[in-house]
Amino acid sequence: MVLWKQNKYLISFLAVALCLVSWFLFHEELESLWIILGSIVAIVSITLFVSKLNRILLFVFLFTPLSLDILISGGFKISAPTEITIVLLAFLFIIKWLSGLSIHSTILKHPISILLILDLAWSFVSLVFSEYQDVAFKRILLKVLFIGVFYFVSTQLLLKISDQKRLFWLYGIGMIIPIMNAFYKHHLLDFLQSSSVYVCQPFYNDHTIYAACLAFIIPFFILQIFNTSQKRFRILSILLSALFLTAFILSYSRAAWISIAIAFVFYIATLFKVRFWQLILLVAIIAGYLIVNFNPIYDQLRQNEAKYDDDVSTHITSVTNLQNDASNLERINRWVCAYRMFLDRPIAGHGSGTYQFVYDQYQTPEFMTRISSHQGNKGNAHSEYLTYLSENGIIGFILFTALVLYSVYLGIQLLYKINEPEHKMLIYSILLGLITFYTHGLFNTFSDYDKMAVLYWGSLAILVRMDLRYGNASS
């Protein structure tokens, strides 16, 4: 018992790691091994930590990068142990709330909370008009679970800055095993660019979400190198930053590379105290220029023949190849389908999570590519914004856009208001992470994946706690 009390986190980590390794090595021969061992570890750990809900939340932060998709009956997938644990955490939190646990009502009145509640409410409205109500209902339940735990429960439990920073520390430590797994597989394939797409499996479905999560946490660890109040962690921060940057480059995700570049530009802008309205004006000017000159720009891009390969500069240049890059052309095909879906149902949309089942009827030969599919089994709209537009209509799109703009505005306000170095650095980390997510959201959709959801909604939760701590900087 003494050994357990002194090393319970290490023992829990090793136990789950053992289950992961067992599944990875033997899942084809012993299909039930992971489910049995994983369930035992989850139940035992939660039973031991039941009096400390924040420790269960920290458990989730650590093991989300290590979670694996388990196929259960009916073709339904569950990410274990993450989704198992957050369901139990949500249940325990509700029990404690009904038993007298006080809830900070100011959280519910915060603008970000209001936007999230309205977003969820509108999702149920769009469900009523959906032709795939079962699909939409399952997606909404998942969204309620993610927002409920990663945002609302986090705002109640992550009160100390030490716990708030653990979101990034634990997630980063949890990513070490997936990264080393990817390095090993990549090494066996001579680090070819083409192999980067799947070497991050089974922990991450493909290189895009793997790179997006790396982009989100990299700013935190780089900034920790310069955190004078935490000098004892400097060497660890340097090592983890080097590891994550190497993994990020080897991911060969062009959208993630762009997102980190935009975050760096944003960082430089904040050093000069650029205001939120100035940033919005700049974005509006750039968007206006692109719209007015769309045809000549599009024609010029059609002449670019650079294709993605192992050369980094060529790989970046290929992002504008609209002549023979199947990935780029298919993304445009998905965007066009999403827009046509919106035009068909502009108010309520087609329902959450229904894009992949609906978009085929909106494809036309003009935009289809050699990798297009009629089966609805090759991904989503490849854009957070167009996903909202097509699935939840103009109202859902406005609510999500409002959340994007307000969270950035709030982050900037806090950044310029807070003087305490450690708090300021955490706000910087969150704000830069959100910029990578919102930029990447132009090209991909990841908010429905637990790997990204914990970072995104958890960061918003910390942002709100900081706002309340410093007297509503947003006011």
Side-chain angles (χ1 to χ4, degrees), residues 9-10 12-14 16-17 20-21 57-67 82 158 160-187 191 196 199-200 203-204 207-253 256-257 259-261 263-264 267 421-437 440 446 450-456 458-459 462:
Y9 293 109
L10 176 61
S12 297
F13 179 83
L14 292 176
V16 176
L20 288 167
V21 172
L57 189 60
L58 297 179
F59 176 93
V60 173
F61 295 161
L62 178 63
F63 287 105
T64 296
L66 293 165
S67 292
T82 300
L158 300 181
K160 299 178 181 179
I161 189 172
S162 57
D163 282 341
Q164 293 166 357
K165 290 173 65 175
R166 285 191 182 110
L167 165 60
F168 297 95
W169 278 111
L170 293 175
Y171 191 98
I173 292 172
M175 277 203 81
I176 293 176
I177 292 177
I179 288 173
M180 299 310 295
N181 170 68
F183 281 178
Y184 175 70
K185 289 184 175 180
H186 221 164
H187 162 69
F191 291 99
S196 66
V199 294
C200 52
F203 300 104
Y204 288 79
H207 70 136
T208 54
I209 186 169
Y210 173 68
C213 292
L214 284 168
F216 204 115
I217 65 173
I218 281 173
F220 173 83
F221 288 97
I222 291 179
L223 289 174
Q224 288 303 305
I225 297 174
F226 306 98
N227 187 353
T228 56
S229 64
Q230 298 287 330
K231 291 182 180 179
R232 65 184 183 277
F233 293 122
R234 182 167 294 171
I235 294 178
L236 178 59
S237 298
I238 292 173
L239 293 175
L240 289 176
S241 295
L243 177 67
F244 297 152
L245 284 169
T246 303
F248 181 71
I249 293 171
L250 291 176
S251 71
Y252 285 97
S253 173
W257 289 355
S259 73
I260 209 77
F264 179 73
Y267 172 75
E422 192 170 4
H423 292 191
K424 191 181 187 75
M425 197 159 289
L426 180 58
I427 290 297
Y428 241 138
S429 302
I430 289 171
L431 192 52
L432 294 175
L434 289 175
I435 293 298
T436 66
F437 175 76
H440 205 131
F446 293 138
D450 62 319
K451 310 285 187 181
M452 178 58 77
V454 64
L455 293 172
Y456 177 50
S459 293
I462 297 172

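Rounding to the nearest 0.5 Å gives a distance of 9.5 Å between OG1 of Thr64 and CZ of Phe59. One distance of note links CG of Leu431 with OH of Tyr428; it measures 8.0 Å at 0.5 Å rounding. Atoms CD1 and CZ, from Ile218 and Phe248 in turn, are 5.5 Å apart once rounded to the nearest 0.5 Å. Summarising the geometry, atom CE belonging to Met175 is positioned 8.5 Å from atom NZ belonging to Lys451; distances are rounded to the nearest 0.5 Å. A distance of 8.0 Å separates CG of Leu432 from CD1 of Ile260, quoted to the nearest 0.5 Å. From Arg166, atom CZ reaches atom CG of Leu158 across 10.0 Å, with rounding to the nearest 0.5 Å.
Of all the heavy atoms in Ala215 and Ser259, the pair that sits closest is CB-OG, 4.0 Å. What you find for Phe216 and Met452 is that their closest heavy atoms are CD1-SD, 3.8 Å. Nearest heavy-atom pair across Phe183 and Leu243 is CE1-CD1, 3.6 Å. In this structure, Pro178 and Pro65 approach most closely via the heavy-atom pair CG-O, 3.4 Å. Scanning both residues, Val454 and Phe61, for their nearest heavy atoms gives CG2-CD2, 3.5 Å. Between His440 and Phe446 the shortest heavy-atom distance is NE2-CE1, 3.6 Å.
With hydrogens and angles disregarded, no donor-acceptor distance shorter than 3.5 Å links the side chain of Ser253 to the backbone of Ala211. At distances below 3.5 Å, at least one donor-acceptor pair connects side-chain atoms of Ser241 with backbone N or O atoms of Phe221.
Between Phe203 and Tyr210, the distance separating the two ring centers is not shorter than 6.0 angstrom.
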Checking side chain to side chain contact (heavy atoms under 4.5 Å, CB included) for the pair Ser459/Phe168: CA distance, chi angles, key distance, verdict? CA-CA 9 Å; Ser459 293; Phe168 297 95; 3.7 Å; yes

Between His423 and Leu426, is a side chain to side chain contact (heavy atoms under 4.5 Å, CB included) present by the stated rule, with each step listed? CA-CA 5 Å; His423 292 191; Leu426 180 58; 5.7 Å; no

Evaluate Tyr171 against Cys213 for side chain to side chain contact (heavy atoms under 4.5 Å, CB included), listing each step before the verdict. CA-CA 10 Å; Tyr171 191 98; Cys213 292; 3.4 Å; yes

Stepwise side chain to side chain contact (heavy atoms under 4.5 Å, CB included) test for Ile179 and Thr246: CA-CA 10 Å; Ile179 288 173; Thr246 303; over 6 Å; no

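Proximity of Leu62 to Leu58: side-chain heavy atoms (C-beta onward) are nowhere separated by under 4.5 Å. You'll find the side chain of Asn181 stays beyond 4.5 Å of the side chain of Tyr184, heavy atoms only. Between Ile222 and Leu245 there is a side-chain heavy-atom pair separated by less than 4.5 Å. Contact check for Phe233 versus Gln224: no side-chain heavy atoms found under the 4.5 Å cut-off. At a threshold of 4.5 Å between non-hydrogen side-chain atoms, the residues Leu240 and Trp169 count as touching. Ser251 places a side-chain heavy atom less than 4.5 Å from the side chain of Trp257.
The aromatic rings of Tyr252 and His186 sit perpendicular to each other, their planes meeting at more than 60°, with 30° as the lower class boundary.
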